[in-house]
Chemist: 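The structure is given below, and queries will be raised subsequently.
As the structure is a computational prediction, the values presented were derived from the model and not from experiment. Below, chains carry the letters A, B, ... as their sequence lines are ordered, and counting in each starts from 1.
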Amino acid sequence: MKNTLKKLLFQALEDCYKQERLNSGVVPDDILIEVPANSDHGDFATNLAMTLAKPEKKKPRQIAEALVEALETQNELFSKVEIAGPGFINFYLTSSSWYTILDDIQAKGETYGLSDIGKGKKIQVEFVSANPTGPLHIGHGRGAATGDALARLLAACGYDVQREYYINDAGNQMETLGRSIYLRCLELEGQTVDFPQDCYQGDYIRDFAREALADKGAAFFTDNEEEALKYCSEVGGGKILKGIEDDLREFGVTFDRWYSEKTLYDRDEVRKGIDFLREKGLAYEKEGAVWFRTTDYGDDKDRVLLRGNGVTTYFASDVAYHKEKFDRGFDTVIDIWGADHHGYIPRMKAAVAALGRDKEDLQVILVQLVNLLRGGNPVAMSTRAGEFVTLQEVVQEVGRDACRYVFLTRHSDSKLDFDLELAKQQNADNPVYYVQYAHARICSVNRKAQEEGLAEPAPAEVDSAALTLAEELGLTKILAQYPEMVEGAGRAFEPHRITIYLQDLAARFHAYYNRHRIVTEDRAVSLARLYLVNRIKTVIANALALLGVSAPEKM
RNA sequence: GGCCCCGUAGCUCAGCAGGAUAGAGCAACCGCCUCCUAAGCGGUAGGCCUUGGGUUCGAAUCCCGACGGGGCCGCCA
């Protein structure tokens, strides 16, 4: 709808220049068309005349008049076009032109809202990527929901999306994990063990120790420390990773690829990455370590790649990893990180620039902390002490849909309060049920209609003139906005916009439903309303699908 | 000290790549089920968009500076 308006305006502008009603000859790259906040100002408005005021050296209203005169004769789309305020041009569309949207939705069905703004570009979303040293907690859940919804959103926008989980299975945290399990084994065997603070404290470590003892027997652990440590590290890490994968699957999140950091070392990619930087003169030695001159690319200080003790840093493998990502042909790489890693962005962008890419080819999305509450009171959480609420527990308690939805109600860059009691409530206070309920209600209306002998009508059976209510037109306008909303959310990498939209759509539907009957005595009205209401159903279902949330037929 | 995020109704937050009279939910108060699902709806009330400048026809939105809150600054991951 906006695009047709733009075309008409460009045409009108050209005509004005031809007729010399305007003479600056300035043609903007784009024309802003917006939906006015106040419906008295029409369905759409443009500020075109105001932006031309300066080059044209005329009053905005004067320019607007010229434009409108060039335009008005052309189309019966409009019921009215007027100039208002400082020089806005307001467009009022006829109801019947709005209602054509319903046929569009009906024809497209599940594909309504898809676009090709991504032009098939290869884009990777890397998310969660938690170390396999313990179960996922609630904070990872937010990253998972955000990354998953973003991947779905980008796919809907016509990108070729790949979702990836990076497994940090190479650093010394894996050794720490092994030692933690090993020590618990000894403890279970009755030895007195001084369990260090920097070991993993959680109960799950004891569980693994028990399993390990059962599998290998006590002697294996008491006789050969080195072998036992290796075993604990590898087997423990493997089990934890398996658990993470299971938890994520249960949460509705899957990956195209699980990428092991260790394989980068196995293929010597980390060393090659350092050499690459050396060859480009971007790495140097100082105080026994090898540094990457990230300050050349705007970082505050240079960063160590290879430590004095000969061990590479996490950053070094990250450079190699990102090099490898781009080598795989991605046009854009998105990393989703916890906000506490934000200080890492400049050096990572520096690495991307050093690889010869545009810094913008790497997009980092930060996900802020989640405050877990129960009935308004904070739930104590400390990873260090091993006391944390796992994602699995939360999903089991509140349900997958509610959990995902809550995570996606806020911009990822603002902190989120997650109240378990609230997320469990099955009423209007809980936005996910509010929206799902709208969908279920429509399904229920369909069942009722069927009982009355009314099948869901085909487009030809519908006379949109039977839709005479302001609510019906309002709802249709919101449905018409859906594709633009999806595009905007995709462009901004902001999946939370979908939940905001859904909230609005559901609210309008509930209000409509409450005031008016869909299935009435009047057959024409009933069919038209059924038709409208089922388009709402389609859009709700499509939007929920982008969030990975189900659209139930019954509740 | 340097950097990042946040500051909008009592509370939690939207505000769509600058627009006309700033929105929603919760909490508060008052109402609505012989009727397609009350997991719902209607109404009342609630604001100096932290603050001072700047950019412009026009700023909650963009820029600079204060103030307040949070976070990050390792040869850890």
Chemist: Separation of A:Y284 atom OH from B:C75 atom C1', in whole Å?
Modeler: 12 Å

Chemist: If you take atom types as modelled and just measure distance, does the side chain of A:D340 reach the base of B:G71 with a donor-acceptor pair under 3.5 Å?
Modeler: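 When only heavy-atom distances are counted, A:D340 does not reach the base of B:G71 through any donor-acceptor pair under 3.5 Å.
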
Chemist: Suppose we define a pair by two distances each less than 3.5 Å, Watson-Crick or G-U wobble; what does B:C67 pair with here?
Modeler: B:G7

Chemist: Looking at the base of B:A20, is there any donor atom on it, or on the side chain of A:N90, that sits under 3.5 Å from an acceptor on the other one?
Modeler: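 Such a pair exists between side chain and base.
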
Chemist: Using the C1' atom as the point on both nucleotides, what is the distance between B:C63 and B:U55, in whole Å?
Modeler: 7 Å

Chemist: Would you mind pulling out the nucleotide paired to B:G1, Watson-Crick or G-U wobble, both distances under 3.5 Å?
Modeler: B:C73

Chemist: Just call it for A:N131: base, sugar-phosphate, or nothing, with non-hydrogen atoms closer than 4.0 Å on any strand.
Modeler: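 It contacts sugar-phosphate atoms only.
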
Chemist: Pick the C1' atom in B:A77 and in B:A60, then give their distance to the nearest Å.
Modeler: 39 Å

Chemist: Using atom P in both nucleotides, what's the gap between B:A59 and B:C75 to the nearest angstrom?
Modeler: 47 Å

Chemist: Does either side chain, that of A:Q368 or that of A:S414, offer a donor lying less than 3.5 Å from an acceptor on the other one?
Modeler: no

Chemist: Expressed as a whole number of Å, how far does the P atom of B:C49 sit from that of B:C11?
Modeler: 16 Å

Chemist: In whole angstrom, give the distance that lies between atom CZ of A:R508 and atom C1' of B:A24.
Modeler: 12 Å

Chemist: Whole angstrom is fine here: how far is it from CG in A:L502 over to P in B:A39?
Modeler: 20 Å

Chemist: When you measure from the side chain of A:Y513, which nucleotide among B:G19, B:C36, B:A39 comes out closest?
Modeler: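 Ranking B:G19, B:C36, B:A39 by closest atom to the A:Y513 side chain puts B:C36 first.
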
Chemist: Could you please name the option among B:A17, B:U12, B:C75 that lies closest to any side-chain atom of A:R497?
Modeler: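 That would be B:A17.
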
Chemist: The side chain of A:E494 lies closest to which of these nucleotides: B:C5, B:G15, B:G19?
Modeler: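 The nucleotide sitting nearest to the side chain is B:G15.
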
Chemist: If you check every side-chain atom of A:M50, which of B:A20, B:C57, B:G42 has the closest atom?
Modeler: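 Shortest atom-to-atom distance from the side chain points to B:C57.
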
Chemist: Report which part of the nucleic acid A:H510 touches: base, sugar-phosphate, or nothing (heavy-atom distance under 4.0 Å, all strands).
Modeler: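 If one applies the 4.0 Å heavy-atom cut-off, A:H510 turns out to touch the sugar-phosphate alone, with no base involved.
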
Chemist: So which nucleotide from B:A14, B:G42, B:A77 ends up closest to the side chain of A:T313?
Modeler: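 Given the options B:A14, B:G42, B:A77, the side chain of A:T313 is closest to B:A77.
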
Chemist: Who is the Watson-Crick or G-U wobble partner of B:C29, with both distances under 3.5 Å?
Modeler: B:G43

Chemist: Return the value, rounded to whole Å, for the distance between atom CG of A:L505 and atom P of B:G23.
Modeler: 20 Å

Chemist: Contact class for A:I500 (heavy atom, under 4.0 Å): base, sugar-phosphate, or nothing?
Modeler: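 Result for A:I500 = sugar-phosphate.
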
Chemist: Whole angstroms only, please: what is the CD-P distance between A:E82 and B:A20?
Modeler: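 Between P of B:A20 and CD of A:E82: 16 Å.
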
Chemist: Need one value for A:Q368: base, sugar-phosphate or nothing, where a base atom within 4.0 Å counts as base even if backbone is also close, heavy atoms only.
Modeler: sugar-phosphate

Chemist: Less than 4.0 angstrom from a charged side-chain N to a carboxylate O is my criterion; do A:R374 and A:D419 meet it?
Modeler: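 No salt bridge links A:R374 with A:D419.
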
Chemist: Describe the nucleic acid contact of A:A440 in one word from base, sugar-phosphate, nothing, applying a heavy-atom distance below 4.0 Å.
Modeler: base

Chemist: Which whole-number value in Å describes the distance from A:L369 CG to B:C4 P?
Modeler: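 Nearest whole value for this atom pair: 19 Å.
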
Chemist: Where the side chain of A:A289 is defined as all heavy atoms beyond and including C-beta, which of B:G71, B:A14, B:C75 is the nearest nucleotide?
Modeler: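 The answer is B:C75, which lies nearest to the side chain.
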
Chemist: For a quick check under 3.5 Å, do A:Y200 and A:Q173 share a side-chain donor-acceptor pair by atom type?
Modeler: no

Chemist: Can you identify which nucleotide, out of B:C75, B:A14, B:G19, has its nearest atom closest to the A:W291 side chain?
Modeler: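 Looking only at side-chain atoms, A:W291 lies closest to B:C75.
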
Chemist: The side chain of A:T51 is closest to which nucleotide in this list: B:G19, B:C75, B:A14?
Modeler: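 Of B:G19, B:C75, B:A14, B:G19 is nearest to the side chain of A:T51.
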
Chemist: Work out how far the P atom of B:G65 is from that of B:G23, and round it to whole angstrom.
Modeler: 32 Å

Chemist: In plain terms, say whether A:R508 and A:E471 are close enough for a salt bridge, that is, a side-chain N and a carboxylate O under 4.0 Å apart.
Modeler: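 A:E471 and A:R508: not salt-bridged.
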
Chemist: Provide the Watson-Crick or G-U wobble partner of B:A38, both distances under 3.5 Å; none if there is no partner.
Modeler: none

Chemist: Are OP1 or OP2 of B:A14 and a side-chain N or O of A:S414 less than 4.0 angstrom apart?
Modeler: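 True: A:S414 side-chain N/O within range (under 4.0 Å) of B:A14 OP1/OP2.
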
Chemist: Classify A:A438 by what it touches in the nucleic acid, base, sugar-phosphate, or nothing, heavy-atom distance under 4.0 Å.
Modeler: nothing

Chemist: Specify whether A:H341 and A:Y344 have parallel, tilted or perpendicular ring planes, treating 30° as the upper limit for parallel and 60° as the lower limit for perpendicular.
Modeler: perpendicular

Chemist: Ion pair present between A:D299 and A:R303, side-chain N to carboxylate O less than 4.0 angstrom?
Modeler: yes

Chemist: Just how far, in rounded Å, is P of B:G2 from CG of A:D302?
Modeler: 20 Å

Chemist: I want to check one thing: is the phosphate of B:G15, taken as OP1 and OP2, less than 4.0 Å away from some side-chain N or O of A:H496?
Modeler: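 So the side chain of A:H496 is within the cut-off, an N or O lying under 4.0 Å from OP1 or OP2 of B:G15.
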
Chemist: Have a look at A:H439 and say if it touches a base, only the backbone sugar-phosphate, or nothing, with a 4.0 Å heavy-atom cut-off.
Modeler: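 It contacts nothing in the nucleic acid.
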
Chemist: State yes or no: are the ring centers of A:F292 and A:Y284 separated by less than 6.0 Å?
Modeler: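 Ring centroids of A:F292 and A:Y284 are no less than 6.0 Å from each other.
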
Chemist: Looking for any heavy atom pair under 4.0 Å, which part of the strands does A:R303 touch: base, sugar-phosphate only, or nothing?
Modeler: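 The answer is nothing, as A:R303 stays clear of every strand by at least 4.0 Å.
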
Chemist: How is A:E261 classified with respect to the nucleic acid when contacts are heavy atoms under 4.0 Å: base, sugar-phosphate, or nothing?
Modeler: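 Result for A:E261 = nothing.
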
Chemist: Of the listed nucleotides (B:A38, B:C75, B:C41), which one gets closest to any side-chain atom of A:R307?
Modeler: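 My answer, after comparing the listed nucleotides, is B:C75.
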
Chemist: Looking across every strand, which nucleic acid part, if any, lies under 4.0 Å from A:Q173 by heavy atom: base, sugar-phosphate, or nothing?
Modeler: sugar-phosphate

Chemist: Salt-bridged, A:E472 to A:R529, with N to O below 4.0 Å?
Modeler: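 Between A:R529 and A:E472 there is a salt bridge, with a charged N closer than 4.0 Å to a carboxylate O.
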
Chemist: Answer yes when A:E175 and A:R179 have at least one side-chain N-carboxylate O distance shorter than 4.0 Å, and no when they do not.
Modeler: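 Answer for the salt bridge query: no.
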
Chemist: Please compare A:Y344 and A:V35 by the position of their nearest nucleotide in RNA chain B and report the one closer to 5'.
Modeler: A:V35

Chemist: Using the rule for Phe, Tyr, His and the six-membered ring of Trp, do A:F88 and B:A20 stack at under 5.5 Å and under 30°?
Modeler: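 Per 5.5 Å and 30° rule: yes, stacked.
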
Chemist: Is the positively charged end of A:R535 above the ring of A:Y531, judged by distance under 6.0 angstrom from the centroid and angle within 45° of the axis?
Modeler: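 So A:R535 does make the cation-pi contact.
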
Chemist: Using the closest heavy atom to pick a nucleotide of RNA chain B for each, name whichever of A:K554 or A:N172 lands nearer the 5' end.
Modeler: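 By nearest-heavy-atom nucleotide position, the 5'-most residue is A:K554.
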
Chemist: Report yes if the ring of A:H341 lies under 5.5 Å from the six-membered base ring of B:A77 with planes under 30°, and no otherwise.
Modeler: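 Here A:H341 meets both the 5.5 Å and the 30° conditions.
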
Chemist: Of all the choices, B:A39, B:C75, B:U12, which nucleotide is nearest to the side chain of A:M555 once you look at every atom?
Modeler: B:A39

Chemist: Rounding to an integer number of Å, can you tell me how far A:I33 CD1 sits from B:C16 C1'?
Modeler: 15 Å

Chemist: Is there a Watson-Crick or G-U wobble partner for B:G23 with both distances under 3.5 Å, and if so, which one is it?
Modeler: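 For B:G23, the partner nucleotide comes out as B:C13, under the 3.5 Å rule.
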
Chemist: Can B:C4 be described as syn, meaning its chi torsion is within 90° of 0, or is it anti?
Modeler: anti

Chemist: In Watson-Crick or G-U wobble terms, both distances under 3.5 Å, what is the partner of B:C62?
Modeler: B:G54

Chemist: Does A:Y434 have a side-chain nitrogen or oxygen under 4.0 Å from the phosphate oxygens OP1 or OP2 of B:A38?
Modeler: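 For B:A38, OP1/OP2 do not have a side-chain N/O of A:Y434 under 4.0 Å.
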
